[in-house]
4 protein chains.
Amino acid sequence: MGACHGQDAPAHPGPHGYSHDKEAHLKRLRRIEGQIRGLQRMVEEDVYCIDILTQVSAGTKALQSFALQLLQEHLRHCVADAAVKGGDEIDAKVAEATAAVARLLRS
Amino acid sequence: MGACHGQDAPAHPGPHGYSHDKEAHLKRLRRIEGQIRGLQRMVEEDVYCIDILTQVSAGTKALQSFALQLLQEHLRHCVADAAVKGGDEIDAKVAEATAAVARLLRS
Amino acid sequence: MGACHGQDAPAHPGPHGYSHDKEAHLKRLRRIEGQIRGLQRMVEEDVYCIDILTQVSAGTKALQSFALQLLQEHLRHCVADAAVKGGDEIDAKVAEATAAVARLLRS
Amino acid sequence: MGACHGQDAPAHPGPHGYSHDKEAHLKRLRRIEGQIRGLQRMVEEDVYCIDILTQVSAGTKALQSFALQLLQEHLRHCVADAAVKGGDEIDAKVAEATAAVARLLRS
């Protein structure tokens, strides 16, 4: 698995932790896209507010599950590779991953 | 503003609290749909994991904002109307709204 | 049930929606206080990090449950009373309750 | 930094990632304990519901911050050490850390 590159790295589409499972991730995202279109239909059809809110929770949960799978692969590959490589890249990788979790918690 | 009906009510597309602002809600949902398609492009282009997670947080936040606006209109119309009408419908409406908030918290 | 007063109202310890169930709320909060002291013991005894994080989730969930019960009573009494009273106090009460839910979602 | 042990390991109070900063963590937890006692006083004094909910959000945020700091140290030490050690312990450590994040998201 190629080492991971941050934004400031050259725009190198290096394979990342999730790359080996790309099709599964894309399938999950297309399903979430369908859920969002489903919400649009509910609003167009004047569906009861609470039923729409229930579907919003389902959409948010699906997005969080996608994020957790990406996080697991990032930890397993990008963060673990940085630990094995040695040096202080691991500190940056761990801080970056923790900040991403903080954003997920606060969204 | 027509009284709100639960799922078991006849499929009566009564206007609900959000109906007067439908176009704004649909616009918001179409933007979220665009964000989800943006996530698909990022996965296809092997973008760095952390950048994708950052966009997931933005998408989740946009969904939560849509939910909060719908909740506000539901409280202002459906719940307030039930209070004014009197009787025990208000208890069911309040329990239902609180359960919807609980699902949002746990998603 | 006395009408609810905002912070800018005279410091009037009016009974609020939750006042009739005060002892149950206090019992719940004392249990959460015990959970936080339990976390301190775990840190003092060098318990494994993941086990501590599991207890943090339990504490957060207990706090959210307390908040949901308070919210339900606030909606049932403070917000419903404002709707019955008429006038524009209901708009402020609904906006205030929605903002409180937004803070819970983002914490 | 000693390797980390899971629950089924012998009850070995090995130092963990957070051990070097124990006093700071304990100070944070004592402050959160004080916030929970503050909530009890607010309920006893019939403070306005929304003001109590605002303090609940502050308490939840403080708990989440404590959890994020513990997670960062766990990733930096327990997970990174497992990666350097080689073998398949890293898979279990990453899965365990991701599951802890999932519980935090859903609480």
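In what follows, chains carry the letters A, B, and so on, assigned in the order in which the sequence lines appear, proteins first and then strands, with residues in each chain numbered from 1.
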Check: A:Tyr18/A:Gln72 side-chain N/O donor and acceptor closer than 3.5 Å: no
Distance-only donor-acceptor check, side chains B:His25 and B:Glu73, under 3.5 Å: yes
Contact winner vs chain A - B:Ile36, B:Val43, B:Val56, B:Thr60, heavy-atom pairs under 4.5 Å: B:Val43
Which portion of B:Glu44 sits near chain A, non-hydrogen atoms under 4.5 angstrom: both
Portion of B:Arg106 that has a non-hydrogen atom of chain A nearer than 4.5 angstrom: backbone
B:His74 versus B:Gln69, side-chain donor and acceptor atoms under 3.5 Å: no
Option that, when pairs with chain A are counted at under 4.5 Å, heavy atom only, ranks first among B:Ile32, B:Leu39, B:Val47: B:Val47
Chain B contact via A:Glu23 - side chain, backbone, both or neither, heavy atoms under 4.5 Å: neither
Salt-bridge criterion met for B:Asp81 and B:Lys93 (N-O under 4.0 Å): no
For chain B, the option from A:Ala67, A:Gly34, A:Ser57, A:Ala58 that forms the most heavy-atom pairs under 4.5 Å: A:Ser57
Under 3.5 Å side-chain donor-acceptor pair for A:Gln40 and B:Glu33: yes
